[in-house]
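Read through the structure below, which is laid out as C-alpha cells, and then see the notes.
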Amino acid sequence: MQMRPILSTLRRHKLTATLLTLQVAFTCAIVCNVAFMIASRVQRISVPTGMAEDKLAVIQSTSIEKGENQQAQHAADLAALRGLPGVQSAVAVSYSLPLDQSESSRGTCPSKQALDRAEQINSIEGSGCMQPTQYDGTPGLINTLGLRLVAGRDFRPDEYVSTGKPTVAIITRALAQHLYPDKQALGQSMYDGDNYIRIVGVVDRFLRPNLRKPGVDDDSMIWPQRPDGSSVLYVLRSAPKDRQRVLKAAAATLLKINPNRLIDPGRVQTYTQIRAKYFQRDITMISLLFASALGLLFVSALGITGLANFWVQQRRRTIGIRRAIGATRGDILRYFQTENFLIVSFGIVLGMLLAFALNLTLMKFYELPRLPLYYLPIGALVLWLLGQLAVLGPALRAAAVPPVIATRGV
C-alpha cells in the first residue's frame with residue numbers, strides 16, 4: 001500500500017479530514033479523562049473496611065428515659081440480642097462504623113515532644129502527629145467486626161473502662177506506620193494531649209467513618225471503653241442469609257425489653273446497605289460518566305462511518321478504475337482502512353495533548369489527581385479499533401463493487 005495516493009486524497013479534502021481529526025482528538029481527550037475518573041471512583045467504592053461486611057447488621061437504639069443506668073441497659077440488651085437465633089455475637093458502640101459518616105477524632109502524637117512541635121508550627125502535618133478516628137465498644141468488638149490482628153492482642157476484660165479514658169488502645173497498621181515509621185508500634189505509648197496510651201494491638205485495616213483521601217482513610221484507633229450515652233449502636237454478627245431476619249427480631253426484642261426507646265427504621269440495616277448508601281453518589285457518577293463516554297464513542301463511530309460512506313460514493317469512478325487496472329478487493333479494503341488509520345492517528349496525537357490540558361484544568365479546579373500516562377496508549381488503542389470497525393462496513397461495500405458497475409455509475 002503506497003501512502004502517496006492516500007495523502008494526496010486527504011489534501012484535496014482538507015476540511016472534512018480536519019473536522020474528523022478534531023472530533024477524534026476531542027473524543028480521545030475526554031474519554032481518557034473520563035476513564036480515569038471512572039477508575040478512581042471504582043477504586044474508591046471498592047475500598048475494603050477491614051470488617052466482615054457481609055455478616056454484619058446494625059440497629060440504633062435511643063433511650064428516652066431520664067436517669068436511666070445506660071450501661072446496665074446496654075448489658076441487658078446485649079444479653080437478649082446474643083440469645084436470638086442466628087446471632088453469633090453482638091456488641092455496642094457509641095459513635096458509628098466505617099463509612100457511617102459520624103465520627104470522633106482526636107490529635108494523637110508518638111510523644112509529648114511531637115505534640116509540642118505540632119503546637120509550635122500550628123499544624124499536625126510535619127510534626128509526626130495524626131488525627132485518627134476513635135472507635136469504642138464493648139468486649140468482643142474485634143471478633144464481632146471480623147478485624148484481623150496482625151500484631152499484639154485483643155483487650156483484656158480488666159482494661160475496659162466505663163468512665164474516664166482508657167490507658168491502652170489498638171490501632172491500624174496505617175496509623176502505626178504514620179506514627180512510628182522507623183520502629184515497631186506495638187508496645188509504644190501515644191500521647192493525646194492529656195495521657196499516654198499504650199498500644200497493645202495492631203489490626204490490618206479499620207476504615208474511617210468518612211473517607212478523606214488515600215493514605216489517611218485507614219488511620220483509626222480502638223479504645224476499650226463501654227458506651228454510656230442514651231444512644232447506642234448495636235452491631236450483630238450472623239450468617240449473611242440471616243441478617244434481615246435477625247434485624248427484625250432484634251428490633252422487636254429491644255422494644256419488648258424497654259418500650260421507652262426510639263428505634264429509627266432508617267438505622268435498622270445491614271452493613272451492606274450502609275456501604276451502598278455511602279457510595280450512592282459515586283455509583284451514580286460512575287453510571288453517568290460511563291454513559292457519557294459510550295455516547296461520545298458512538299458519535300465518533302457514526303462520524304467515521306458517515307464520512308467513509310460519503311467518500312465511497314464520491315470515489316466510485318476512482319474505485320472502478322483501480323479495479324479495472326488490477327486492484328483486488330483486498331487492495332480497496334486496505335486503502336480505506338489505511339486512510340482512516342491516518343486520520344484517527346492524527347486525531348489521537350492531538351487528543352493526547354488535549355487530554356493533558358484537560359487533566360491540568362481538572363486538577364486545578366476539582367482537585368483531581370494527575371492522569372497516569374498508561375491511559376493514553378489505552379485510549380489510542382480503543383480509538384484505533386473503533387475507527388477500523390467503523391470504516392469496515394463502507395470499505396467492504398466499496399471493495400465489493402464490480403469495476404463495470406462503478407464506471408457506469410459516473
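- Minimum interatomic distance between Val34 and Ala293 (heavy atoms only, all atoms of both residues): CG1-CB, 3.9 Å.
- Minimum heavy-atom separation, Leu149 to Asp154: CD1-N, 3.7 Å.
- In terms of heavy-atom proximity, Val235 sits nearest to Leu97 at CG2-CD1, 4.0 Å.
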From CA spacing to verdict: side-chain contact (heavy atoms from CB on, under 4.5 Å), Thr172, Met221
CA-CA 6 Å; Thr172 60; Met221 61 185 297; over 6 Å; no

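- The closest side-chain heavy-atom distance from Val168 to Pro224 is below 4.5 Å.
- Of all heavy-atom pairs spanning Leu81 and Ala90, the tightest one is CB-CB, 4.3 Å.
- Side chains of Thr27 and Ser300: a donor-acceptor N/O pair is present below 3.5 angstrom, by distance only.
- Summarising the geometry of Leu386 relative to Ala301, their closest heavy-atom pair is CD1-CB, 3.8 Å, with the distance given to 0.1 Å.
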Assess the residue pair Ser231 and Gln60 against the criterion (side chain to side chain donor-acceptor pair (under 3.5 Å)); give the C-alpha distance rounded to whole Å, side-chain angles, the decisive distance to 0.1 Å, and a yes or no.
CA-CA 7 Å; Ser231 182; Gln60 185 170 18; 2.9 Å; yes

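- Side chains of Arg281 and Ile283 form no contact here, defined as non-hydrogen atoms less than 4.5 Å apart.
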In sequence, state the C-alpha distance, the side-chain angles, and the governing distance for Gln269 and Val58, and then conclude on side-chain contact (heavy atoms from CB on, under 4.5 Å).
CA-CA 6 Å; Gln269 54 193 338; Val58 300; 3.9 Å; yes

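- No salt bridge links Asp217 with Arg208; every basic N to acidic carboxylate O contact stays at or beyond 4.0 Å.
- A side-chain donor-acceptor contact under 3.5 Å links Gln273 to the backbone of Thr270.
- Atom-to-atom distance recorded for Leu145:CG and Glu53:CD is 11.0 Å, nearest 0.5 angstrom.
- For the pair Asn258 and Leu254, the minimum side-chain heavy-atom distance is 4.5 Å or more.
- Formation of a donor-acceptor pair under 3.5 Å by the Arg397 side chain with backbone atoms of Asn309 is not found in this model.
- Side-chain polar atoms of Ser162 and Gln71 form a donor-acceptor pair below 3.5 angstrom.
- Atom CZ of Arg370 has 12 or fewer neighbouring heavy atoms from other residues, nucleotides or ligands inside a 6.0 Å radius.
- The OG1 atom of Thr49 sits 8.0 Å away from the CG atom of Leu56 when rounded to the nearest 0.5 Å.
- In summary, Lys165 and Asp192 engage in a salt bridge, as defined by a charged side-chain N under 4.0 Å from a carboxylate O.
- When each of Phe346, Phe336, Trp384 is checked for a ring pair (Phe, Tyr, Trp, His ring centres under 6.0 Å) with Phe341, only Trp384 meets the rule.
- Put simply, the side chain of Tyr278 does not reach to within 4.5 Å of the side chain of Pro98, judged on heavy atoms.
- Using a cutoff of 4.0 Å between basic side-chain nitrogens and carboxylate oxygens, Asp54 and Arg237 are not scored as salt-bridged.
- Salt-bridge check for Arg334 with Glu339: failed, with every basic side-chain N at 4.0 Å or more from each acidic carboxylate O.
- A side-chain donor-acceptor contact under 3.5 Å links Thr305 to the backbone of Ala390.
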Test log, rule side-chain contact (heavy atoms from CB on, under 4.5 Å), inputs Met37 and Leu368
CA-CA 8 Å; Met37 293 169 65; Leu368 263 67; 3.6 Å; yes

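- With hydrogens and angles ignored, the 3.5 Å screen pairs no side-chain donor or acceptor of Arg205 with any backbone N or O of Arg173.
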Does the side-chain contact (heavy atoms from CB on, under 4.5 Å) test come out yes or no for Met190 and Tyr180, once each step is laid out?
CA-CA 10 Å; Met190 306 176 293; Tyr180 307 98; 3.5 Å; yes

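- Between His74 and Tyr234, the ring planes are perpendicular. Angles over 60° get that label, and only those under 30° would be called parallel.
- Side-chain atoms of Asn195 do not come within 3.5 Å of backbone N or O of Tyr191 as any donor-acceptor pair.
- Counting only N and O atoms by type, the side chains of Thr272 and Arg243 include a donor and acceptor under 3.5 Å apart.
- In this structure, Arg41 contributes its side chain and Ile286 its backbone to no donor-acceptor pair below 3.5 Å.
- No more than 12 heavy atoms of other residues, nucleotides or ligands lie within 6.0 Å of CZ in Phe26, so this atom counts as exposed by the packing criterion.
- We find the CD1-CZ distance between Ile170 and Phe155 to be 3.5 Å, quoted to the nearest 0.5 Å.
- Under the 3.5 Å distance criterion, the side-chain polar atoms of Ser220 are matched with a main-chain donor or acceptor of Phe206.
- In this structure, Tyr160 and Gln225 have side chains that are not in contact, with every pair of non-hydrogen atoms separated by 4.5 Å or more.
- Checked by atom type and distance alone, the side chain of Gln177 never pairs as donor or acceptor with a backbone atom of Ala174 at under 3.5 Å.
- No side-chain heavy atom of Thr167 sits under 4.5 Å from any side-chain heavy atom of Tyr196.
- To the nearest 0.5 angstrom, Tyr374 atom OH is 11.5 Å from Cys32 atom SG.
- Using modelled atom types, one finds a donor on one side chain and an acceptor on the other under 3.5 Å when comparing Thr144 with Ser89.
- Inter-residue side-chain proximity for Ile197 and Trp223 is flagged as met; some heavy-atom pair is nearer than 4.5 Å.
- Under the 4.5 Å side-chain criterion, counting only non-hydrogen atoms from C-beta, Gln337 is in contact with Leu392.
- At least one donor-acceptor pair closer than 3.5 Å links the side chain of Asn359 to the backbone N or O of Leu371.
- A distance of 8.5 Å separates CG in Leu350 from OG1 in Thr21, rounded to the nearest 0.5 Å.
- Nearest heavy-atom pair across Ala29 and Leu358 is O-CD2, 3.9 Å.
- Under a 3.5 Å cut-off, the side chain of Asp136 and the backbone N or O of Ser94 do form a donor-acceptor pair.
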Using the rule given for salt bridge (charged side-chain N to carboxylate O under 4.0 Å, His left out), can you reason through Arg82 versus Asp77, listing the C-alpha separation, both sets of side-chain angles and the distance that settles it, and then say yes or no?
CA-CA 9 Å; Arg82 289 165 182 159; Asp77 291 343; over 6 Å; no

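- Between atom CD1 of residue Ile304 and atom CG of residue Leu20 there is a gap of 5.5 Å, rounded to the nearest 0.5 Å.
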Show your reasoning for whether salt bridge (charged side-chain N to carboxylate O under 4.0 Å, His left out) applies to Lys277 and Asp100.
CA-CA 9 Å; Lys277 181 179 179 181; Asp100 206 12; over 6 Å; no

